[in-house]
Chemist: 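Questions regarding the structure given below will be posed in turn.
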Amino acid sequence: MTATTAVAAIVPAAGYGSRMQHDKPKQYLRLAGQEILLHTLTALLTDPRIKHVFIAVAGDDPWYQSLDFPGHWPLTRVAGGHCRAASVASGVAAAAAAGYSHVVVHDAARPCLRTDDLERVITAGLSSEAGALLALPVDDTLKRADATDNSEATLDRNQLWRAMTPQVFATNILQRALQQIGVDDPGLTDEASAVERCGYKPKLVSGSATNIKVTRPADLELARLYLELSREQ
Ligand SMILES: Nc1ccn([C@@H]2O[C@H](COP(=O)(O)OP(=O)(O)OP(=O)(O)O)[C@@H](O)[C@H]2O)c(=O)n1
Ligand SMILES: C[C@](O)(CO)[C@H](O)COP(=O)(O)O
């Protein structure tokens, strides 16, 4: 693949953010001067290989239409699904129909994506049939809890990584994997899980701990800090 290969980004943005406990989905909360979704799209569009962004939005979403997107951004709204995988599948179908050979899937809720990390994971994903994803080796000791949050076991953390996004795959491979495994499979918490179960071993590309997924209220302050720090660099 060349550095100028055209890829499509898929942004699942149809969640309601229940863990954030806010009356507005977290992707529409404002941090460091603009909505989280706008930060995420700005980060994705720093890579010239991303030629289009398909954003999966909930059908009853009243917020998306009010966002102030720059007119030149190549965006298409697609129907969000009942779960993250269904939203991603909707975006993959649109990217396939538009003729994109590869897709970059990135959570709307991860606004602190660094350009250098994005560049590395796209390059890795384009150079391997199995694809690639940003991830970080686990540095903490991992415990398995019992039903009352007591530690009942310590897991071997050797060779354990925590997955992030972007996750980069050949469009046809990801589309076939999602169809084969089924978007309602409880084990399908990211795109790589579907591709792995079809026999591929996606490359784990070491990312940045700042690439957090804004999930709970405490994440907002941290994301704001990271966004303001990146602006100063
Ligand atoms: N049906 C869904 C559910 C989630 N997402 C998106 O998938 C990303 C990661 O999901 P998560 O952090 O779980 O977001 P929510 O589902 O909104 O959060 P919660 O689980 O707390 O409700 C988010 O950008 C979210 O908008 C989506 O596009 N469609
Ligand atoms: C895709 C993901 O961000 C990788 O860590 C994560 O699995 C999303 O989980 P969520 O519960 O849908 O936020």
Side-chain angles (χ1 to χ4, degrees), residues 9-29 31 35-41 43-44 53-64 67 75-95 103-113 117-118 121 125 131-138 142 160-169 174 177-178 181-197 202-220 222-223:
I10 294 167
V11 176
Y16 292 96
S18 56
R19 288 170 285 183
M20 186 54 75
Q21 300 169 340
H22 198 287
D23 59 4
K24 183 184 289 189
K26 58 195 179 183
Q27 56 270 33
Y28 299 116
L29 298 181
L31 285 181
E35 289 78 4
I36 284 175
L37 178 56
L38 283 168
H39 282 295
T40 300
L41 294 172
L44 280 171
V53 185
F54 297 94
I55 309 172
V57 179
D60 61 352
D61 178 320
W63 298 284
Y64 181 84
L67 295 183
L75 308 178
T76 297
R77 174 178 177 169
V78 299
H82 62 281
C83 63
R84 183 183 177 281
S87 294
V88 170
S90 176
V92 171
V103 290
V104 178
V105 184
H106 185 54
D107 293 327
R110 289 185 188 267
C112 305
L113 174 64
D117 290 346
L118 175 62
V121 72
L133 64 145
L134 282 185
L136 271 179
V138 170
L142 296 178
L160 289 188
W161 293 55
R162 52 192 180 92
M164 300 187 279
T165 65
Q167 304 199 4
V168 184
F169 297 102
L174 180 54
L178 291 170
I181 305 301
V183 294
D184 291 315
D185 187 294
L188 218 56
T189 56
D190 71 344
E191 290 63 65
S193 54
V195 171
E196 290 153 11
R197 286 168 62 177
K203 182 70 182 170
L204 294 164
V205 176
S206 194
S208 304
T210 53
N211 183 24
I212 63 170
K213 182 164 63 71
V214 176
T215 305
R216 304 173 193 278
D219 299 328
L220 290 170
L222 198 52

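Counting convention: from 1, in listed order, for ligands and their atoms alike.
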Chemist: Within the structure provided, determine whether V183 and H82 are in side-chain contact (heavy-atom separation under 4.5 Å).
Modeler: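 The answer is yes, as the side chains (C-beta and beyond) meet within the 4.5 Å cut-off.
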Chemist: Side chain or backbone, does G17 bring an N or O within less than 3.5 Å of an N or O on ligand 1?
Modeler: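 Min N/O separation from ligand 1 is below 3.5 Å for G17.
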Chemist: Could you tell me if the side chain of V195 sits less than 4.5 Å from the side chain of L174, heavy atoms only?
Modeler: yes
Chemist: Please list the nearest protein heavy atom to atom 28 (O) of ligand 1 with its residue and the distance rounded to 0.1 Å.
Modeler: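 Checked against all protein heavy atoms, atom 28 (O) of ligand 1 sits closest to A14 N, 2.9 Å.
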Chemist: Hey, does N211 have a side-chain heavy atom less than 4.5 Å from the side chain of H106?
Modeler: yes
Chemist: Check each of R84, Q27, Q167, K213 against D107 using the side-chain hydrogen bond (donor to acceptor under 3.5 Å, both in side chains) test, and report the only one that passes.
Modeler: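 Exactly one candidate clears the test, R84.
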Chemist: Against heavy atoms of K213, which atoms of ligand 2 measure under 4.0 Å?
Modeler: 3 (O), 8 (C), 9 (O), 10 (P), 13 (O)
Chemist: Hey, are the side chains of V57 and W63 touching, using non-hydrogen atoms and a 4.5 Å cut-off?
Modeler: no
Chemist: With heavy atoms only and a cut-off of under 4.0 Å, state how M20 meets ligand 1: side chain, backbone, both or neither.
Modeler: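 No part of M20 is near ligand 1 at this cut-off.
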Chemist: Between L29 and V214, is any pair of side-chain heavy atoms under 4.5 Å apart?
Modeler: no
Chemist: Among protein heavy atoms, which lies nearest atom 6 (C) of ligand 1, and at what distance?
Modeler: P12 O, 3.4 Å
Chemist: With nothing but distance in play, are any N or O atoms of Q167 less than 3.5 Å from an N or O of ligand 2?
Modeler: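 Between Q167 and ligand 2, no N or O pair is found under 3.5 Å apart.
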Chemist: Name the closest protein heavy atom to atom 1 (N) of ligand 1, giving the residue it belongs to and the distance to 0.1 Å.
Modeler: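 Residue, atom and distance for the closest contact: G81 O, 3.0 Å.
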Chemist: Can you tell which part of R19 has a heavy atom less than 4.0 Å from ligand 2: side chain, backbone, both or neither?
Modeler: side chain
Chemist: Heavy atom under 4.0 Å from ligand 1: found in S18's side chain, backbone, both, or neither?
Modeler: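 It is both parts that get close, each with some atom under 4.0 Å.
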Chemist: Would you say ligand 2 has an N or O under 3.5 Å from any N or O of T189?
Modeler: yes
Chemist: Suppose we measure from atom 12 (O) of ligand 2 to each protein heavy atom; which comes out shortest, and what is that distance?
Modeler: R84 CD, 3.6 Å
Chemist: Show which atoms of ligand 2 fall inside a sub-4.0 Å distance from at least one heavy-atom site of D190.
Modeler: 1 (C)
Chemist: Say whether V214, considering both its backbone and side-chain N or O atoms, lies within less than 3.5 Å of an N or O atom on ligand 1.
Modeler: no
Chemist: Could you list the atoms of ligand 1 found under 4.0 angstrom from a heavy atom of H82?
Modeler: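 Contacts of ligand 1 toward H82, numbered from 1: 1 (N).
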Chemist: Which heavy atom in P202 sits nearest to a heavy atom in A192, and how many Å separate them?
Modeler: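 Shortest heavy-atom contact: CG-CB, 4.2 Å.
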Chemist: Measure the distances from the heavy atoms of G80 to every atom of ligand 1 and state whether one is below 4.0 angstrom.
Modeler: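 No, that is not the case, since the closest heavy atom of the residue is not under 4.0 Å from the ligand.
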Chemist: In the protein, which heavy atom is nearest to atom 10 (O) of ligand 1, and how far is it?
Modeler: R84 CD, 4.2 Å
Chemist: Are L37 and V11 close enough that some pair of their side-chain heavy atoms sits under 4.5 Å apart?
Modeler: yes
Chemist: Got a second to check how far L178's CG is from D185's CG, nearest 0.5 Å?
Modeler: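 Spacing of CG (L178) from CG (D185) equals 10.5 Å.
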Chemist: Side chain or backbone of S87 under 4.0 Å from ligand 1, or both, or neither, by non-hydrogen atoms?
Modeler: side chain
Chemist: Checking a contact table here: which protein heavy atom is nearest atom 4 (C) of ligand 2, and how many Å away?
Modeler: A163 O, 3.5 Å
Chemist: Please list, in number order, the atoms of ligand 1 under 4.0 Å from a heavy atom of A109.
Modeler: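 Matching atoms, with element in brackets: 24 (O).
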Chemist: Apply the test side-chain contact (heavy atoms from CB on, under 4.5 Å) to residues L44 and L113: give CA-CA distance (whole Å), side-chain angles for both, the deciding distance (0.1 Å), then the verdict.
Modeler: CA-CA 8 Å; L44 280 171; L113 174 64; 4.1 Å; yes
Chemist: Can you tell me which residue and heavy atom of the protein come closest to atom 20 (O) of ligand 1, and the distance to 0.1 Å?
Modeler: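 Among all protein heavy atoms, the one nearest atom 20 (O) of ligand 1 is R19 NH2, 3.0 Å.
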Chemist: I need the contact type for R162 against ligand 2. Using non-hydrogen atoms and a strict under-4.0 Å cut-off, is it side chain, backbone, both or neither?
Modeler: neither
Chemist: Tell me: protein heavy atom nearest atom 9 (C) of ligand 1, and distance?
Modeler: D107 OD1, 3.8 Å
Chemist: Taking the side chain as every heavy atom from C-beta outward, state whether D117 and M164 have any pair of such atoms under 4.5 Å apart.
Modeler: no
Chemist: What atoms of ligand 2 come within less than 4.0 Å of a heavy atom belonging to D107?
Modeler: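 It comes down to these atoms of ligand 2: 1 (C), 2 (C), 3 (O).
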Chemist: Would you confirm whether S90, through its side chain, and A79, through its main-chain N or O, come within 3.5 Å as a donor-acceptor pair?
Modeler: yes
Chemist: Strictly under 4.0 Å, does any heavy atom of E191 approach an atom of ligand 2?
Modeler: no
Chemist: I'd like to know if K26 contacts ligand 1, where contact means a heavy-atom distance under 4.0 Å to any ligand atom.
Modeler: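 So K26 counts as touching ligand 1.
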Chemist: Does any N or O of ligand 1 fall below 3.5 Å from an N or O anywhere on T215, backbone included?
Modeler: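 In this structure, T215 places no N or O atom under 3.5 Å from an N or O of ligand 1.
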Chemist: If you compare all heavy atoms of A14 against all heavy atoms of G80, which two are closest, and at what distance to 0.1 Å?
Modeler: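 Here A14 and G80 meet closest at CB-CA, 3.7 Å.
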Chemist: Is it true that D219 and K26 make a salt bridge, defined as a side-chain N closer than 4.0 Å to a carboxylate O?
Modeler: no
Chemist: Would Y64 and I55 satisfy side-chain contact (heavy atoms from CB on, under 4.5 Å), going step by step from the backbone distance to the final call?
Modeler: CA-CA 10 Å; Y64 181 84; I55 309 172; 3.5 Å; yes
Chemist: Compare all side-chain heavy atoms of D61 with those of Y28 and state whether any distance is below 4.5 angstrom.
Modeler: yes
Chemist: At what distance is the nearest protein heavy atom to atom 5 (N) of ligand 1, and which residue and atom is it?
Modeler: G15 N, 3.5 Å
Chemist: Have a look at V205 and tell me which of L136, L134, L133 forms a side-chain contact (heavy atoms from CB on, under 4.5 Å) with it.
Modeler: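 The passing option is L134.
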Chemist: What atoms in ligand 1 come closer than 4.0 Å to a heavy atom of Y16?
Modeler: 17 (O)
Chemist: Taking only heavy atoms of R110 into account, list the atoms of ligand 2 that are under 4.0 Å away from them.
Modeler: 2 (C), 3 (O), 4 (C), 5 (O)
Chemist: Is there any N or O on A56 that sits under 3.5 Å from an N or O of ligand 1?
Modeler: no
